[in-house]
Amino acid sequence: MVDLLTIIISKYNYWGYIVLMMIGLYAMIVKKNLVKKIIGMSIFQTAIIFFYVSIGMKKNATIPIISHGHDGGEHAVHAVDFINPLPHVLMLTAIVVSVATLGVALALAIKVYQQYNSLEEDEIDSQIKVK
Amino acid sequence: MKWFGFIAVFLCGSLFIYGTVEFPGWGDPLSPTSTHVSPYYIEKTMEDTSVPNIVTAVLADYRGYDTMFETAVIFSAGIACLFLLRQMKRKKTDFRLYRHTATGITFRIEKGGKLPPTAKEFERIDGLWTPYDLIIKTTGRFIIPFIQIFALYVIAHGHHSPGGGFQGGVILGASFVLFAISHDLRSALNRMSEKLTAFFYTLGVYIYAGTGALCILLGANFLDYSALATILFVDPVTARSHGILIVEIGVGIAVMAVMVILYYNLVSAGKFDEGL
């Protein structure tokens, strides 16, 4: 029982991202509306960003910016005092790329709407079959 | 389909949760992610590049090649949106509408009619034109310069505080989008035309790749900014710091222009006449 509790306490962050990720995946699989699918994709990306940022976390550590004095005070920098900067770097670019992919996805949705006058998947499907 | 999707997602999620049993705990300093390459970055950044913000140093220096292609991804997203939506052939309309800004009278010019003199009193409008909301317009005009100053600060101060090219570029792009929302698309296009935007996002990628190529010409590896020391007249460590700043400016310009072109295309479905 105590073991289970420690597992839950030390791992609950991952569970949050998995739930968020599955909400996005569910929206992408089940929803018929293309815009809802795009929203699902955004939620999925956000879950992955959260996951990466959380694995960079360290206990009793501060943000990865080294404090420095004007005299160039060189005191030793220890890796345990700063959280891991690498996931932050990767996700910094991922956020902007996700905005870019969102823009392209919306552009495609506009194109689909101009062609079929609908964003519902089944209506588009029936129009394709008629042709 | 609904139940099938739910069961598939549920199974997938359970598998993921089962997988987390092996994962390191929340905030564990000895987790594998924090023990391989990141201690090097944290401990050596100051002596290698003299940049206190480790994230900026890793982004633009240690992993500069990666970031260059991220910029290229954003560039190609802007290009893709342009190719998908932009309608190059302008639909010929039978009439054009011009509004006299002082009196608010709208002129309808039939086909073949004479244009009003290109003075400042007249502005071209569309059939869907709605009067500007005074409060929104005034607030927009008031707040946009501060947003832009803040964006430039975020780009320029990325070495010492959270910030950098990507974040500053997005804020700068948001200020143009705010202008386009609080006025209309035509007045935004008068300030920041499509050609200028295209020039900017090309320029941004060009600055980044050009800095890398310059390092080759000066006899070092691609994107090894310490080679810039000879033309910037500083020592190699400071040259890396300056190189990061140059690259971040390039990223900021590219991101800003892509944000603006995405908005312009999406909001008017590529027709560039009337927006939101």
Side-chain angles (χ1 to χ4, degrees), chain A residues 6-7 9-15 17-19 21-23 25-26 29-32 54-61 63-68 74 76-90 92-97 99-104 106-108 110-111 113-114, chain B residues 1-2 4-6 8-10 12-13 16-17 20-21 23-29 31 33-34 37-43 45-46 52-55 57-59 63 66-67 70 73-74 76-78 80-81 84-85 160-162 164 166-167 169-170 255 258-259 262-263 265-266 269-270:
Chain A
T6 48
I7 286 175
I9 287 171
S10 64
K11 306 272 163 63
Y12 69 96
N13 58 324
Y14 300 119
W15 298 13
Y17 315 133
I18 288 165
V19 169
M21 202 162 143
M22 289 306 125
I23 291 171
L25 192 62
Y26 180 79
I29 293 173
V30 172
K31 292 293 172 192
K32 293 270 191 282
S54 90
I55 60 175
M57 168 73 188
K58 284 181 202 166
K59 272 195 185 103
N60 302 323
I63 55 168
I65 295 174
I66 298 161
S67 56
H68 55 293
E74 293 293 323
V77 178
H78 298 296
V80 283
D81 295 333
F82 298 95
I83 59 172
N84 192 349
L86 202 51
H88 293 241
V89 173
L90 299 175
L92 188 64
T93 49
I95 291 167
V96 180
V97 169
V99 171
T101 52
L102 188 67
V104 176
L106 287 173
L108 284 169
I110 289 175
K111 265 319 213 200
Y113 186 79
Q114 284 174 351
Chain B
M1 186 63 196
K2 221 169 196 173
F4 172 74
F6 183 77
V9 164
F10 186 80
C12 193
F16 275 133
I17 286 180
T20 59
V21 173
F23 274 34
W26 161 255
D28 183 7
S31 68
T33 44
S34 312
V37 69
S38 75
Y40 177 87
Y41 290 151
I42 294 169
E43 282 162 12
T45 298
M46 263 318 238
N53 186 350
I54 305 169
V55 174
V58 176
L59 182 83
R63 295 183 61 88
D66 178 35
T67 311
E70 299 278 5
V73 165
I74 294 164
S76 35
C81 201
L84 278 171
L85 286 177
H160 299 271
S161 63
F166 284 102
Q167 299 93 318
V170 169
V255 170
V258 169
M259 289 298 141
L262 282 179
Y263 176 79
N265 273 300
L266 288 175

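As the structure is a computational prediction, the values presented were derived from the model and not from experiment.
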Show the nearest heavy-atom pair for residues A/Lys111 and B/Leu84, with the distance to one decimal. CE-O, 2.9 Å
Report the option among B/Thr45, B/Ile74, B/Val37, B/Asn53 that has the most heavy-atom pairs separated by less than 4.5 Å from atoms of chain A. B/Asn53
Side chains of B/Ile42 and A/Pro85: closer than 4.5 Å at any heavy-atom pair? yes
A/Leu90, part contacting chain B, at a heavy-atom distance under 4.5 Å: side chain
If you count heavy-atom pairs within less than 4.5 Å of chain A, which of B/Cys12, B/Ser31, B/Ala80, B/Ala8 leads? B/Cys12
Counting only heavy atoms closer than 4.5 Å, note whether B/Val55 contacts chain A via side chain, backbone, both or neither. both
Looking at B/Ser34, B/Gly5, B/Gly25, which makes the most heavy-atom pairs under 4.5 Å with chain A? B/Ser34
Looking at A/Leu108, A/Ile18, A/Leu25, which makes the most heavy-atom pairs under 4.5 Å with chain B? A/Ile18
For residues B/Val58 and A/His88, determine if any side-chain heavy atom of one lies less than 4.5 Å from a side-chain heavy atom of the other. no
If you tally heavy-atom pairs under 4.5 Å between each of B/Leu85, B/Val255, B/Asn265, B/Val170 and chain A, the highest tally belongs to B/Leu85
Non-hydrogen atoms of A/Val96 and B/Phe166 that approach each other most closely: CG2-CD2, 3.5 Å
Report which part of B/Tyr41 has an atom under 4.5 Å of a heavy atom belonging to chain A: side chain, backbone, both, or neither. side chain
At a heavy-atom separation under 4.5 Å, does B/Phe6 approach chain A through its side chain, its backbone, both, or neither? both
Using non-hydrogen atoms and a 4.5 Å limit, figure out which bit of B/Leu262 sits close to chain A: side chain, backbone, both or neither. side chain
Residue among A/Val30, A/Val104, A/Thr93, A/Ile110 with most heavy-atom pairs under 4.5 Å to chain B: A/Thr93
Could you label the plane-to-plane angle of the B/Trp26 and A/Tyr12 rings as parallel, tilted or perpendicular, counting under 30° as parallel and over 60° as perpendicular? tilted
One should read off an interatomic distance between A/Met57 CE and B/Thr33 OG1, to the nearest 0.5 angstrom, of 12.0 Å
For B/Pro29 versus A/Lys58, what's the shortest heavy-atom pair and its separation? CA-CG, 4.0 Å
Using non-hydrogen atoms and a 4.5 Å limit, figure out which bit of A/Leu106 sits close to chain B: side chain, backbone, both or neither. both
Can you tell if the side chain of B/Glu70 reaches within under 4.5 Å of the side chain of A/Leu92, non-hydrogen atoms only? no
Using every non-hydrogen atom in the two residues, find where B/Val9 and A/Ile29 come nearest and quote the distance to one decimal. CG2-CD1, 4.0 Å
Contact origin within B/Ser76 toward chain A - heavy atom pairs under 4.5 Å: neither
Among B/Leu59, B/Val21, B/Val73, B/Val258, residue most engaged with chain A (heavy-atom pairs, under 4.5 Å): B/Leu59
Between A/Val89 and chain B, with a heavy-atom cut-off of 4.5 Å, which part of the residue counts as in contact: side chain, backbone, both or neither? both
If you compare all heavy atoms of A/Gly103 against all heavy atoms of B/Cys81, which two are closest, and at what distance to 0.1 Å? O-SG, 4.1 Å
Residues, nucleotides or ligands: over 12 heavy atoms within 6.0 Å of A/Lys11 NZ: yes
Do you know the tightest heavy-atom contact between A/Ala107 and B/Leu266? N-CD2, 3.5 Å
Checked B/Pro24, B/Ala57, B/Gly78 vs chain A; the most non-hydrogen pairs under 4.5 Å come from B/Pro24
Check A/Tyr14, A/Trp15, A/Tyr17 against B/Phe23 for a ring pair (Phe, Tyr, Trp, His ring centres under 6.0 Å) and give me the one that passes. A/Tyr14
What part of A/Ile55 gets within 4.5 angstrom of chain B, counting heavy atoms only: side chain, backbone, both, or neither? both
To the nearest 0.5 Å, what is the distance between CG on A/Leu86 and CD1 on B/Ile54? 11.0 Å
